[in-house]
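Given the structure is predicted, the values throughout are model-derived calculations rather than measurements. Labels below follow one simple rule: chain letters A, B, ... track the order of the sequence lines, proteins then strands, and each chain is numbered from 1.
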There are 2 protein chains.
Amino acid sequence: MSSIKDVSRYAKVSPSTVSRVLNGTAPVNSETKKRVLKAVKKLNYQPNAFARGLVTNRSGSIGVIINEISSPFHSAIVQGIETVVEPTGMHLIVSSGHNKLQPERNALNFIVQRRPEALILRLETLSDKEFLDWLRSEPAQTLPIILLGRYIPELSKSCVCLDNELGGYLATKHLIDMGHKKIAHISGPLSMKDSCDRLQGYRRCLETSGLSYDETLVIEAKFTEESGQQAMQRFFDQGKDFSAVFIANDQMAMGALYTLRQLNKRVPEDISIVGYDDLLFARYLYPALTTIRQPLAAMGEAAARLALRALEHKTIDIKQKFEPELIQRQSVLRFA
Amino acid sequence: MSSIKDVSRYAKVSPSTVSRVLNGTAPVNSETKKRVLKAVKKLNYQPNAFARGLVTNRSGSIGVIINEISSPFHSAIVQGIETVVEPTGMHLIVSSGHNKLQPERNALNFIVQRRPEALILRLETLSDKEFLDWLRSEPAQTLPIILLGRYIPELSKSCVCLDNELGGYLATKHLIDMGHKKIAHISGPLSMKDSCDRLQGYRRCLETSGLSYDETLVIEAKFTEESGQQAMQRFFDQGKDFSAVFIANDQMAMGALYTLRQLNKRVPEDISIVGYDDLLFARYLYPALTTIRQPLAAMGEAAARLALRALEHKTIDIKQKFEPELIQRQSVLRFA
DNA sequence: CTGAAAGCGCTTACAG
DNA sequence: CTGAAAGCGCTTACAG
């Protein structure tokens, strides 16, 4: 692969000059410039990003950690990040933590070794404590770090999040407002903060509305379509009595809808459903899913803006706290 | 950020020794090793991947180009690639071509500058000719390049693909077998090979079945949910008469199903639908979508295996030609 | 406007 | 088993 030296030889100039025309860092005689460009084209020269990064100490990249690049939830976030990062000419290094502690640590180290100029982290398994310890270590001192979907008071300036407790509350409130009294819940993994918060909001709403919290009406599932299917099946296997279910994400809701159809239960006539996230597919389900909207792309964008703002030492205002919002569609019916 | 020098000073050894214990490239006295490891931990040392890559000429990365990282179609592919690459300790650099020529070129250059050890490309807009020209240029000479979803005879050994013409044929055949005679088609952008092939399969099936191809029964859309919605709407606005539609991907089919519901058309009683891809959500739609399965994750895995095989100079057999397969669910009914 | 030289942070023969 | 030296491919003061 040709190097800057090859180009310089071909153009009969010094490597310094080649560098200057390529980066526009200093004026170069237009004749010389032409020769260099011709050589670059001729040799199909592509600068070595390693060498460049090593000397400039700028990688041009932003590190991103999410759970699973292939989930629709996370790809909505990545898409938001991409939207704002791409126009700047920087790029993303995204690594999956797979919702497991060691892989998440590995992802972090992996990315740090690539010397990103900023980090956008949606950490799932790393504890606040371990994360704060890491923050105090050297690698983290120098670069802007944005936390997505987690709020750590010490880092409030760098967190982008949404009040999931409120989201869970809103979902449940809507069902109660519609006259439902027996409201089940399919939660995500309770090892995840989001799940706990939504469950907590569900519980609080029940209790402040004079309904009692019944833990046998709660099943913990895994945020996947299939686990939603199974959870819903389990409610019926157990002969539970309920007229509505708040399901902690849309993917599980999609699975649950499927199970209900198998069981010949009509939604919303027999069972009302509220999902969470408002992923793209939610409106296309049948019945169109009533859900709590979480503006994932906008949150990704905000995180990216925050990161860029830190890099550019700007002081523009960026929204960091997002509100969950009830999106009413067709999966909830007033309880008669 | 601490460097290998800092570590070596702290451990009172030479940088060479630090390098040796970290990479295990040469035997090191166990006492010394301990000291080094302690220093590494103490300083939270993370080797600079640029420096390492520069000298070893190994980046430990595989470059991937796809259209849009956030689409469910492409993330299925990426997930397949990730599955096989991650266990090797290598990582992915993925860049989006956005289905536009210049961004696709940029993505290619961008990735090449990162000196990947192999390339997995799902090129959409770059012509075969331009691509082959590029292949002949230097950067491409040295590294294994796998083509996903495109077949170039000169590179047959490096292509992973699926016969989309056959897929289009199978979809249409199924509808004809079910007694349909007026079969519409919503195609993807005809600038994309996949779309043309599927359309061609549709057409061939019609003609070999004694039905005539009617171009007014074909609408070109954009492979997005919304464009599927609009296309279906258009058919009705135009007062077209048909009993079935072959829709060139599941995302558009999802949108079309929505439109049909708005229009009070029952699927499959009034209109039968066959989609394409069999994305995860297809089985969860209502009615569950009959579709042509394209094993995207498996194809991604195959591409990754092909890339790794080339890197390791192995000679294992890897499947490169995948077959489209009809998945019968609930969206097609025999035409009475 | 241009070139020679130093240096970024590593690894790897080479020597001992 | 260990260290000194060279070098990977760039950029950037410095000098002219």
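- Of the candidate nucleotides C:dA4, C:dC1, D:dT2, D:dT2 has the atom nearest to the side chain of B:Asn29.
- In this entry the distance linking CD1 of A:Ile4 with C1' of C:dA5 reads 15 Å, nearest Å.
- Neither OP1 nor OP2 of D:dG9 sits under 4.0 Å from any side-chain N or O of A:Ser3.
- Judged by distance alone, the side chain of A:Gln320 and the main-chain N or O of A:Cys159 form a donor-acceptor pair under 3.5 Å.
- Atom CG of B:Leu22 is separated from atom P of C:dG9 by 16 Å (rounded to the nearest Å).
- In summary, the side chains of A:Ser96 and B:Glu82 do present a donor paired with an acceptor at a separation below 3.5 Å, with no hydrogens or angles considered.
- Along DNA chain D, the nucleotide nearest to B:Ala26 and the one nearest to A:Met1 differ in position, and the one closer to the 5' end is contacted by B:Ala26.
- When the side-chain nitrogen and oxygen atoms of A:Thr56 are compared with OP1 and OP2 of C:dC8, none of them lie within a distance under 4.0 Å.
- Counting to the nearest Å, the P atom of D:dC1 and the CD atom of B:Glu31 are 13 Å from each other.
- When the P atom of D:dC8 is taken as reference, atom CZ of B:Arg114 falls 21 Å away, rounded to whole Å.
- Regarding contacts with the backbone of D:dG3, every side-chain N or O of B:Ser16 stays at 4.0 angstrom or more from both OP1 and OP2.
- With respect to the salt-bridge test (charged N to carboxylate O, under 4.0 angstrom), the residues A:Glu301 and A:Arg305 qualify.
- Here B:Thr17 lies in heavy-atom contact (under 4.0 Å) with sugar-phosphate atoms only.
- Going from atom CZ of B:Arg20 over to atom P of D:dG3 covers 8 Å, rounded to whole Å.
- Nucleotide C:dA4: unpaired (no Watson-Crick or G-U wobble partner with both distances less than 3.5 Å).
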Audit row: A:Glu154, A:Leu135, side-chain contact (heavy atoms from CB on, under 4.5 Å) steps and yes/no: CA-CA 11 Å; A:Glu154 293 91 317; A:Leu135 264 190; over 6 Å; no

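- The separation between B:Arg35 atom CZ and D:dC1 atom P is 14 Å, rounded to whole Å.
- Side-chain atoms of A:Ser19 never come within 3.5 Å of backbone atoms of A:Pro15 as a donor-acceptor pair (strictly under, hydrogens ignored).
- Close to C:dT12, at under 4.0 Å from its OP1 or OP2, lies no side-chain N or O of B:Ser19.
- Atom CG in B:Asp6 sits about 9 Å away from atom P in C:dG9, given to the nearest Å.
- Counting to the nearest Å, the C1' atom of D:dT12 and the CZ atom of A:Arg58 are 15 Å from each other.
- Using a 4.0 Å heavy-atom cutoff across all strands shown, B:Asn57 reaches no nucleic acid atom at all.
- In this structure, OG in A:Ser59 is found 12.0 Å from CG in A:Leu54, a value given to the nearest 0.5 Å.
- Residues from residues 41-55 of chain B with heavy atoms under 4.0 angstrom of DNA chain D, sorted by number: B:Leu54, B:Val55.
- Donor-acceptor pairing under 3.5 Å is recorded for the side chains of A:Gln46 and B:Asn109.
- In terms of polar N and O atoms assigned as donor or acceptor, the side chain of A:Arg115 never comes within less than 3.5 Å of the base of C:dG9 in a complementary pairing.
- Using N1 to N3 plus N6-O4 or O6-N4 for Watson-Crick, or N1-O2 and O6-N3 for G-U wobble, each under 3.5 Å, D:dA13 pairs with nothing.
- A donor-acceptor pair under 3.5 Å is formed between the side chain of A:Glu104 and the backbone N or O of A:Thr125.
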